[in-house]
Asker: 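Just dropping this structure here.
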Amino acid sequence: MNRQVFSFVAAAVFLTAFNFLIPNAMSQVSPFDFGLLEARDGTDRYWAMYRAHAEALACGAEVSYAGIDTLDIELPADFRTIPLGLRTDFGGLTLYVTNNVRHGTLFSLNSPSKPVVLDKAVIDSGDFRSVPFLASGDKLLVLTDLNTWTERIGYGYGIHRHDILLLHDGKAANAPIAPWNTDSTRLQAAVLEADTAQKVFRGLTLHRTAQSQCKTYCLYVNGQCNVLIEDVHVTTPKSRMIADGIFGVSNSVHVTFRDVTVDGTYSGYGVSRGYGYAFSLNNLWNTTFERVTADGNWGVFGTNHLSNTTLRDCDLNRFDIHCYGRDVLLQRCTLRQRQTQFSSMYGTVTFDSCRFIDCIPVRIRSSYNAYTPFDIEMRDCTFEVTPRYHALVNVMLLDTAANVRPELAAKCWPNLRVTNMTVVAPPTVGTLHLYHPTGETRELKKPVDYISRVLVDGLKTVRPNGKPAKVKVQLSSRDFLTIRKMVFSLENTPSR
């Protein structure tokens with residue numbers, strides 16, 4: 001039966017005793033109740049899982065995986081995404097999934113919104129008590145700008161910005177990323193009830209098998225408040241497939257990923273790589289990642305429209321907000337071989353006690369032509385530089401006219417504050433650049449806006465063996481012009 005390692009007899013005996021001994025046992029259902037013992041193949045086992053979860057959702061019960069150690073399922077031609085209720089605890093289940101049918105999502109927690117008519121003038125105030133359908137209870141207000149925020153140059157499509165607000169009795173708990181009461185904004189709004197009870201998805205190891213010719217995404221979450229995704233581990237074999245999205249989360253607030261590992265993504269392999277994400281996120285507020293380890297042939301994050309994002313004790317090859325975001329905190333995180341990257345970013349990106357290994361700590365990507373004002377702070381970090389990566393901030397440049405969107409017309413570079421950084425440099429690296437503009441040099445003849453201070457206080461340079469290293473610290477690898485008066489301070493830096 002392939003990896004069906006649980007004992008049918010033992011499981012049946014255990015389940016009988018379990019239902020007899022535990023009060024309100026009918027509040028739980030099991031795949032055993034829907035033919036798992038009698039299953040002949042992987043598709044039968046899939047249907048036993050599906051029917052258990054559908055029944056649990058219909059009657060307000062939970063699905064118990066007691067007595068089930070490992071399952072090997074195959075998605076049938078008519079497979080459906082398995083719907084989830086408030087609490088899904090797989091209890092350490094190891095699940096092997098083979099998919100030769102079509103790309104699709106295995107599990108989902110989805111609450112659709114309904115469109116409403118709303119005056120954009122009320123949004124920025126955060127006070128919706130004058131709007132009858134928003135004046136009471138807990139609501140999620142989903143905002144879409146029907147006018148293009150920016151065109152992605154070289155990709156042939158435009159970006160429409162989104163925001164999400166959490167309301168309680170007509171008062172917003174958060175603010176939008178950028179103002180909405182502007183002449184250039186054309187608002188479309190939708191609303192849904194915000195169930196503040198915690199939703200849980202935990203205790204699963206998912207192996208996507210090498211026999212699969214189609215992608216199986218693990219989980220899709222939409223329209224939720226207060227979600228915990230915990231102790232979930234996903235592996236992916238080498239494959240030519242791309243365009244992965246293992247975890248997809250949209251239009252939600254207060255979402256936490258904790259103790260999650262991703263070993264590989266569908267993003268090609270070797271030199272034949274293409275985009276494919278572990279975390280495909282869109283329009284979220286207050287998202288937290290704790291002890292997340294993820295790697296793939298492409299950057300593991302692909303996100304848009306994120307506000308107030310926190311990463312703690314994570315080990316990643318990349319974090320990014322493709323376009324439109326505000327306020328990110330990375331604390332005690334390790335970033336390897338790629339970068340964090342942003343465009344149309346606001347607020348502050350803070351690195352606290354992080355480690356950068358052969359990567360670009362911050363990249364401002366150019367394809368969105370959206371160079372918005374924000375600040376970068378790096379405290380107590382370690383940067384292990386290499387000949388290819390030895391600058392803190394890479395500003396990518398395109399030879400472009402000003403963005404036609406008024407909010408994006410100015411070309412802004414971020415301010416930078418560095419405190420107590422250790423730079424580990426091999427003998428082949430003799431210079432650390434704080435900024436490294438790349439791309440069209442003619443762009444550097446145009447003065448850039450917002451940047452007015454670059455402050456470094458405490459920067460130590462050492463060799464990989466810990467001995468002192470003589471490394472020059474320079475503001476930029478290329479000269480650039482600024483609109484605002486610039487303050488550059490380099491203090492407590494022996495290599496000055």
Asker: Do you know the tightest heavy-atom contact between Trp149 and Leu408?
Answerer: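 Result for this residue pair: O-CD1, 3.3 Å.
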Asker: If you count the non-hydrogen atoms of other residues, nucleotides and ligands that lie under 6.0 Å from NZ in Lys446, is the total more than 12?
Answerer: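 Counting neighbours around NZ of Lys446, more than 12 heavy atoms of other residues, nucleotides or ligands fall under 6.0 Å, so yes.
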Asker: Take a 6.0 Å sphere around CG of Asp399 and say whether it holds more than 12 heavy atoms from other residues, nucleotides or ligands.
Answerer: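 Yes, CG of Asp399 has more than 12 neighbouring heavy atoms, counting only those of other groups under 6.0 Å.
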Asker: Could you check Thr340 against Val349 for side-chain contact (heavy atoms from CB on, under 4.5 Å), going step by step and ending with a plain yes or no?
Answerer: CA-CA 10 Å; Thr340 69; Val349 177; 5.6 Å; no
Asker: Determine, step by step, whether Asp163 and Tyr324 satisfy the side-chain hydrogen bond (donor to acceptor under 3.5 Å, both in side chains) criterion, reporting the C-alpha distance in whole Å, the side-chain angles of both residues, the deciding distance to 0.1 Å, and the verdict.
Answerer: CA-CA 9 Å; Asp163 265 296; Tyr324 197 66; 2.6 Å; yes
Asker: Quick check against the 3.5 Å criterion: does His162 have a side-chain atom that pairs as donor or acceptor with the backbone of Val142?
Answerer: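 Here the side-chain-to-backbone pair does not exist.
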Asker: Tell me the closest heavy-atom pair linking Arg405 and Thr182, and the distance in Å.
Answerer: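 Heavy atoms of Arg405 and Thr182 come nearest at NH2-OG1, 4.3 Å.
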Asker: Is the backbone N or O of Trp180 less than 3.5 Å from a side-chain atom of Asp124, with the two atoms forming a donor-acceptor pair by type?
Answerer: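 Present.
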Asker: With distance as the sole criterion, is a donor-acceptor pair present between the side chains of Ser307 and Arg326 under 3.5 Å?
Answerer: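 The answer is no; no qualifying pair exists.
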Asker: Between Asp375 and Arg453, is any pair of side-chain heavy atoms under 4.5 Å apart?
Answerer: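 SC-SC contact between Asp375 and Arg453 confirmed.
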Asker: Check whether the side chains of Thr98 and Thr209 place a donor and an acceptor atom closer than 3.5 Å, and report yes or no.
Answerer: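 Yes - a donor-acceptor pair under 3.5 Å links their side chains.
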Asker: Is any side-chain heavy atom of Phe289 less than 4.5 Å from a side-chain heavy atom of Thr309?
Answerer: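 With C-beta onward as the side chain, the pair touches.
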Asker: Using a distance-only test with no angle check, is there a side-chain donor-acceptor pair under 3.5 angstrom linking Thr236 and Arg208?
Answerer: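 Indeed, the side chains of Thr236 and Arg208 share at least one donor-acceptor pair under 3.5 Å.
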Asker: Tell me whether Thr150 contacts the main-chain N or O of Tyr368 through its side chain, where contact means a donor paired with an acceptor under 3.5 Å.
Answerer: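 Yes, the answer is positive, given that a donor and an acceptor are paired below the 3.5 Å cut-off.
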Asker: Decide yes or no for Leu311 and Val292: does some side-chain heavy atom of the first lie under 4.5 Å from some side-chain heavy atom of the second?
Answerer: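 Contact flag for Leu311/Val292 side chains = no.
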Asker: Does any part of the side chain of Arg161, heavy atoms only, come nearer than 4.5 Å to the side chain of Ile177, both counted from C-beta?
Answerer: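 With C-beta onward as the side chain, the pair stays apart.
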Asker: Looking at Asn283 and Ile164, would you say the former's side chain and the latter's main chain have a donor-acceptor pair under 3.5 Å?
Answerer: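 Present.
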Asker: Decide whether a cation-pi geometry holds between Arg363 and Phe342; the criteria are a distance under 6.0 Å from NZ or CZ to the six-membered ring centre and an angle within 45° of the ring axis.
Answerer: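 No.
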Asker: Is the NZ or CZ atom of Arg318 both under 6.0 Å from the centre of the six-membered ring of Tyr277 and within 45° of that ring's axis?
Answerer: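 That pair does not qualify as a cation-pi contact.
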Asker: Please report the shortest heavy-atom distance between Ala410 and Asp449, naming the atom on each side.
Answerer: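 For Ala410 and Asp449, the tightest heavy-atom pair comes out as CB-OD2, 4.0 Å.
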Asker: Considering residues at least two apart in sequence or located in another chain, which fulfil the side-chain hydrogen bond (donor to acceptor under 3.5 Å, both in side chains) criterion with Asn99?
Answerer: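 Partners of Asn99 by the side-chain hydrogen bond (donor to acceptor under 3.5 Å, both in side chains) criterion, ordered by chain and then number, come out as Thr216.
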Asker: Roughly how far apart are Glu290 CD and Thr256 OG1, rounded to 0.5 Å?
Answerer: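 Rounded to the nearest 0.5 Å, the CD-OG1 separation comes to 6.0 Å.
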Asker: Decide side-chain hydrogen bond (donor to acceptor under 3.5 Å, both in side chains) for Thr438 and Asn394; before the verdict, give the C-alpha distance in whole Å, the side-chain angles of both, and the deciding distance to 0.1 Å.
Answerer: CA-CA 7 Å; Thr438 56; Asn394 169 217; 3.0 Å; yes
Asker: Take Asp138 and His168, measure what side-chain hydrogen bond (donor to acceptor under 3.5 Å, both in side chains) needs, and give me the verdict at the end.
Answerer: CA-CA 5 Å; Asp138 296 307; His168 177 69; 2.7 Å; yes
Asker: What distance do Thr386 atom OG1 and Ile357 atom CD1 have between them, rounded to the nearest 0.5 Å?
Answerer: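 That separation rounds to 11.0 Å.
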Asker: Between the main-chain N or O of Gln331 and the side-chain N or O of Ser353, is there a donor-acceptor pair closer than 3.5 Å?
Answerer: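 It does not hold such a pair.
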Asker: Check whether more than 12 heavy atoms from other residues, nucleotides or ligands sit under 6.0 Å from atom OH of Tyr346, and answer yes or no.
Answerer: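 Yes, the 6.0 Å shell around OH holds more than 12 heavy atoms from other groups.
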Asker: Could you check whether the rings of Phe356 and Phe351 sit parallel, tilted or perpendicular, using 30° and 60° as the cut-offs?
Answerer: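 Phe356 and Phe351: perpendicular rings.
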Asker: Counting distance only, does the side-chain N/O of Thr88 pair as donor-acceptor with the main-chain N or O of Phe201 below 3.5 Å?
Answerer: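 No.
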Asker: Report the C-alpha distance between Ile451 and Tyr435 in whole Å, list the side-chain angles of each, state the deciding distance to 0.1 Å, and finish with yes or no for side-chain contact (heavy atoms from CB on, under 4.5 Å).
Answerer: CA-CA 12 Å; Ile451 184 171; Tyr435 290 80; 3.5 Å; yes
Asker: Donor-acceptor pair, distance only, cut-off 3.5 Å: does the side chain of Asn317 make one with the backbone of Gly296?
Answerer: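 It does hold such a pair.
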Asker: State, with a plain yes or no, whether a side-chain heavy atom of Ile82 is found less than 4.5 Å away from one of Leu106.
Answerer: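 They are in side-chain contact.
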Asker: Do side-chain atoms of Lys171 reach the backbone of Gly126 as a donor and acceptor pair under 3.5 angstrom?
Answerer: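 No.
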Asker: Minimum heavy-atom separation for Leu206 and Cys218, please, with both atom names.
Answerer: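 Smallest interatomic distance, heavy atoms only, reads CD2-CB, 3.7 Å.
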Asker: Step by step, would you call Met421 with Val423 a side-chain contact (heavy atoms from CB on, under 4.5 Å)?
Answerer: CA-CA 6 Å; Met421 173 173 281; Val423 176; 4.1 Å; yes
Asker: Just checking, is any N or O donor in the side chain of His305 or Asn282 under 3.5 Å from an acceptor N or O on the other one?
Answerer: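 Per modelled atom types, His305 and Asn282 side chains form a pair under 3.5 Å.
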Asker: Evaluate the ring planes of His436 and His433, with Trp represented by its six-membered ring, and classify them as parallel (under 30°), tilted (30 to 60°) or perpendicular (over 60°).
Answerer: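 If you compare the ring of His436 with that of His433, the planes turn out parallel.
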Asker: With heavy-atom distances below 4.5 Å as the criterion, would you say the side chains of Pro176 and Leu165 are in contact?
Answerer: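 Pro176 reaches Leu165 side chain to side chain.
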Asker: Any non-hydrogen side-chain atom of Ile364 less than 4.5 Å from a side-chain atom of Trp413?
Answerer: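 Result no, sub-4.5 Å side-chain heavy-atom pair not found.
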Asker: Inspect the contact between Arg336 and Asp315 and indicate whether a charged nitrogen and a carboxylate oxygen are less than 4.0 angstrom apart.
Answerer: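 Yes, this pair counts.
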Asker: Using modelled atom types and a 3.5 Å cut-off, is there a donor and acceptor pairing between side-chain atoms of Thr43 and backbone atoms of Pro76?
Answerer: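 Checked: no pair found.
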Asker: Between Lys215 and Asp244, is there a salt bridge with N-O shorter than 4.0 Å?
Answerer: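 Here Asp244 does not pair with Lys215 in a salt bridge, since their nearest N and O are not under 4.0 Å apart.
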Asker: Go through the steps to decide whether Asp72 and Arg45 satisfy the test salt bridge (Lys or Arg N to Asp or Glu O under 4.0 Å), and finish with yes or no.
Answerer: CA-CA 8 Å; Asp72 194 329; Arg45 290 188 285 274; 5.1 Å; no
Asker: Do Asn286 and His254 pass the side-chain hydrogen bond (donor to acceptor under 3.5 Å, both in side chains) test, and can you show the C-alpha distance, the side-chain angles, and the key distance before you say yes or no?
Answerer: CA-CA 5 Å; Asn286 198 31; His254 297 319; 2.6 Å; yes
Asker: In plain terms, say whether Asp313 and Arg291 are close enough for a salt bridge, that is, a side-chain N and a carboxylate O under 4.0 Å apart.
Answerer: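 No salt bridge links Asp313 with Arg291.
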Asker: Determine, step by step, whether Asp231 and Arg202 satisfy the salt bridge (Lys or Arg N to Asp or Glu O under 4.0 Å) criterion, reporting the C-alpha distance in whole Å, the side-chain angles of both residues, the deciding distance to 0.1 Å, and the verdict.
Answerer: CA-CA 5 Å; Asp231 189 22; Arg202 67 154 57 101; over 6 Å; no
Asker: Do the side chain of Asp327 and the main chain of Thr348 share a donor and acceptor less than 3.5 angstrom apart?
Answerer: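 The answer is yes, because a donor-acceptor pair under 3.5 Å joins these two groups.
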Asker: Could Arg365 and Asp320 be called an ion pair, given the rule that one side-chain N must be under 4.0 Å from one carboxylate O?
Answerer: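 A salt bridge is present here (some side-chain N lies under 4.0 Å from a carboxylate O).
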Asker: Once you measure the plane-to-plane angle for His53 and Phe90, does it fall in the parallel (<30°), tilted (30-60°) or perpendicular (>60°) bin?
Answerer: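 His53 vs Phe90 ring planes: tilted.
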Asker: Name all residues meeting the side-chain hydrogen bond (donor to acceptor under 3.5 Å, both in side chains) criterion together with Glu151; count only those two or more places apart in sequence or in a different chain, and write none if there are none.
Answerer: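 Checked Glu151 against side-chain hydrogen bond (donor to acceptor under 3.5 Å, both in side chains); zero matches.
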Asker: I need the Arg186 CZ to Leu146 CG distance, nearest 0.5 Å.
Answerer: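 Output value for this atom pair is 4.5 Å.
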Asker: Dump the intermediate steps for side-chain contact (heavy atoms from CB on, under 4.5 Å) on Arg152 and His322, then the final yes or no.
Answerer: CA-CA 10 Å; Arg152 192 172 187 192; His322 276 44; 4.2 Å; yes
Asker: State, with a plain yes or no, whether a side-chain heavy atom of Asn369 is found less than 4.5 Å away from one of Lys411.
Answerer: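 Yes - at least one pair of side-chain heavy atoms lies under 4.5 Å apart.
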